[in-house]
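Below, chain A is the first sequence line, B the second, and so on; all start at residue 1. Every value quoted in this text rests on a predicted model; they were computed, and no experiment measured them.
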Number of protein chains: 2
Amino acid sequence: MTTKTERTARAHSSADIEPAARGRKRDHSRDADILDAALDVLAEVGAAGITMDLVAERAGAGKATIYRRWTSKAELVIDAVAHIERMQVDIEHLPDTGTLRGDLLALFRPEAMEASTRRLKIMSALASLLSADQALAEAGSAVIVKPWADAHFALMQRAVTRGEVSARADITTLSQVVPSMAAYRTLVQRKPFTLEFLLSMIDGVIMPALRICGARQPKKSDRSQT
Amino acid sequence: MTTKTERTARAHSSADIEPAARGRKRDHSRDADILDAALDVLAEVGAAGITMDLVAERAGAGKATIYRRWTSKAELVIDAVAHIERMQVDIEHLPDTGTLRGDLLALFRPEAMEASTRRLKIMSALASLLSADQALAEAGSAVIVKPWADAHFALMQRAVTRGEVSARADITTLSQVVPSMAAYRTLVQRKPFTLEFLLSMIDGVIMPALRICGARQPKKSDRSQT
DNA sequence: CAGTTCCGAGACCGTACAGTATCGTTAATT
DNA sequence: AATTAACGATACTGTACGGTCTCGGAACTG
């Protein structure tokens, strides 16, 4: 599932033994170019319209070059999806504002979500593929939603150890609420993911469920951010 | 958009004048059979995999019969979507068990879940076709998820007027949690919608958020209700 | 019955596309 | 410079599918 998909997979003979390595070397940075081109095409024509010819043309590559690196269109698309830049949630450097609510809000990066229409369109295109292909569903879910849910879980767990939240809270389920609903909203409803939406999730669902008081009267300053 | 798409459209000569109506009459109930078959195929193989041959085979019809009724595959699919049965959550006859938790659980109908899963699959299959059309995407989502959310909203509102739930609870947002997460789970994660999942939603999110105590120790009698 | 019309089955055609094979070019290595 | 592998371009093949056409049979009308 991780990138390579059997690189050097042309089943041939000699190449495996690396015969003194003369001549040109395969340029691995071209992989990224081709994957980017695939994502571009995906965003432009949708999942149904993507063809290898389009990808090759967009990448300025020959089809043979693509097939030298991936065995099929399906594998290329799967790799391309896995190649989407991770949701900028660095699990190592989570925000630490002192309160869970502040931490959760600090995860919100307007530019990360709405900056590129491209990613949104890719996700839209993905929505249809997700139902047709189990491997893609897992790849898409792993890239788009899981890191986010993991971040929420980590933040909630920290709030528990801090004593801010009851240890009996079902943070396993609660950590999936915002990512799931955001994915649903984006992929299916195709409405934008806004701060207002995030606030209604946090203040209407998460914080009340965690029995943290004060969430019910969000500060004016928070709302005016919208 | 509604069914006919130029019935009697074989562009021929005589038929237009209805010449004393002799011979066999076109069976309009077959339209519904074909549309159902189209939805079945859509749910099974997705939007990318649907072919007229599959639809014809599933409907036990000839391709020519389908093309006598619809001018193209696109029109057939559009008509099929409009043909999706509404979610049979009868907003007029909601359950009334005396507690919100009991009401929410009573909405769970294993047999209806199957139909609901089918609708969700159709919805996700449609995503690519609807990608160009925001209005259609919303309409599709409305048919499949909104009635469910409306039912939750009505049940929660009743719990508020009954005094079971604080009037300050954000039931607008909370009523969307279960339907959205169920849709996400079915569409993207492709895991089955189970009673266990529903219980973790209700007891881990909804009830805590509504500050109804006792949700943490669900009564045995509630579980056996299913 | 006889006449008419719709039906299912499936042969058929044209196009579009996945995947392969070929070829002349380019660039890294020696 | 000579060698050689990877490259872009593109011609080619096989197949799948949208859409049309034909045919024998069934069902309704009178």
Side-chain angles (χ1 to χ4, degrees), chain A residues 5-34 37-38 41-42 45-78 132-133, chain B residues 4-34 37-38 41-42 45-78 129:
Chain A
T5 314
E6 216 40 305
R7 199 81 2 119
T8 357
R10 44 240 141 99
H12 281 2
S13 45
S14 51
D16 297 318
I17 332 166
E18 282 297 344
R22 223 149 68 145
R24 204 176 173 187
K25 276 249 201 72
R26 173 161 294 166
D27 184 355
H28 269 226
S29 82
R30 219 100 214 162
D31 284 15
D33 296 341
I34 294 171
V41 174
L42 214 48
V45 303
I50 191 174
T51 70
M52 292 303 254
D53 294 84
L54 278 177
V55 174
E57 184 190 15
R58 166 65 55 109
K63 279 206 294 179
T65 301
I66 299 180
Y67 279 102
R68 249 175 246 124
R69 293 155 187 263
W70 291 273
T71 60
S72 70
K73 178 174 122 171
E75 302 230 23
L76 171 66
V77 172
I78 289 172
D133 191 316
Chain B
K4 46 201 59 185
T5 314
E6 216 41 301
R7 200 74 15 107
T8 0
R10 39 233 144 104
H12 280 2
S13 46
S14 51
D16 297 319
I17 333 166
E18 280 298 342
R22 223 142 75 137
R24 202 178 174 185
K25 277 250 202 68
R26 174 161 289 165
D27 186 354
H28 270 224
S29 80
R30 222 98 219 161
D31 283 14
D33 296 342
I34 294 171
V41 173
L42 215 48
V45 303
I50 190 173
T51 70
M52 293 304 253
D53 294 84
L54 277 177
V55 174
E57 185 191 14
R58 167 64 56 109
K63 280 206 293 178
T65 303
I66 299 179
Y67 279 102
R68 249 176 244 126
R69 292 154 189 264
W70 291 272
T71 60
S72 71
K73 179 172 119 169
E75 300 227 23
L76 171 66
V77 171
I78 289 172
L129 303 182

Discussion item. Once rounded to the nearest 0.5 Å, what's the spacing between atom CG of A:L76 and atom OG of A:S72?
Written reply: 8.0 Å
Worksheet entry | Distance (rounded to the nearest 0.5 Å) between B:R26 CZ and B:D31 CG | 8.0 Å
Worksheet item: Between D:dG19 atom C1' and B:E75 atom CD, what is the distance in whole Å?
Response: 14 Å
Practice prompt. Check the distance between C:dG10's C1' and B:I66's CD1 and give it to me in whole angstrom.
Written response: 13 Å
Worksheet item: Taking atom CZ of A:R30 and atom CZ of A:R69, what is their separation to the nearest 0.5 Å?
Response: 8.0 Å
Discussion item. Just the rounded figure in Å: distance from C1' of C:dT30 to NZ of A:K25.
Written reply: 13 Å
Worksheet item: Between atom CZ in B:R69 and atom P in D:dG18, what is the gap in whole Å?
Response: 19 Å
Discussion item. Distance check needed: C:dG8 C1' versus B:D33 CG, whole Å only.
Written reply: 14 Å
Worksheet item: Phosphate oxygens OP1/OP2 of C:dT5: is one of them under 4.0 Å from a side-chain N or O of B:R26?
Response: no
Fill in: Gap between atoms CG and P, on B:L76 and D:dG18 respectively (whole Å)
11 Å
Review item, side-chain donor-acceptor pairs of residues 49-57 of chain B, under 3.5 Å, at least two apart:
unit_1, atom_1, unit_2, atom_2, d
B:T51, OG1, B:L54, N, 3.1

Would you tabulate the nitrogen or oxygen pairs shorter than 3.5 Å linking the protein to nucleotides 18-20 of chain C?
unit_1, atom_1, unit_2, atom_2, d
C:dA18, OP1, A:I50, O, 3.4
C:dA18, OP1, A:K73, NZ, 3.0
C:dA18, OP2, A:M52, N, 3.1
C:dG19, OP2, A:Y67, OH, 3.1
C:dG19, OP2, A:K73, N, 2.9
C:dG19, N7, A:K63, NZ, 2.8
C:dG19, O6, A:K63, NZ, 2.6

Worksheet item: Is there side-chain contact between B:W70 and B:I34, with heavy atoms separated by less than 4.5 Å?
Response: yes
Discussion item. Side-chain N or O of A:R68 versus OP1/OP2 of D:dC7: is the shortest distance under 4.0 Å?
Written reply: yes
Worksheet item: If only side-chain N and O atoms of B:R30 are considered, is one of them under 4.0 Å from the OP1 or OP2 phosphate oxygen of D:dA27?
Response: no
Just list the side-chain donor-acceptor pairs under 3.5 Å for residues 60-67 of chain B, sequence neighbours left out, or say none.
none

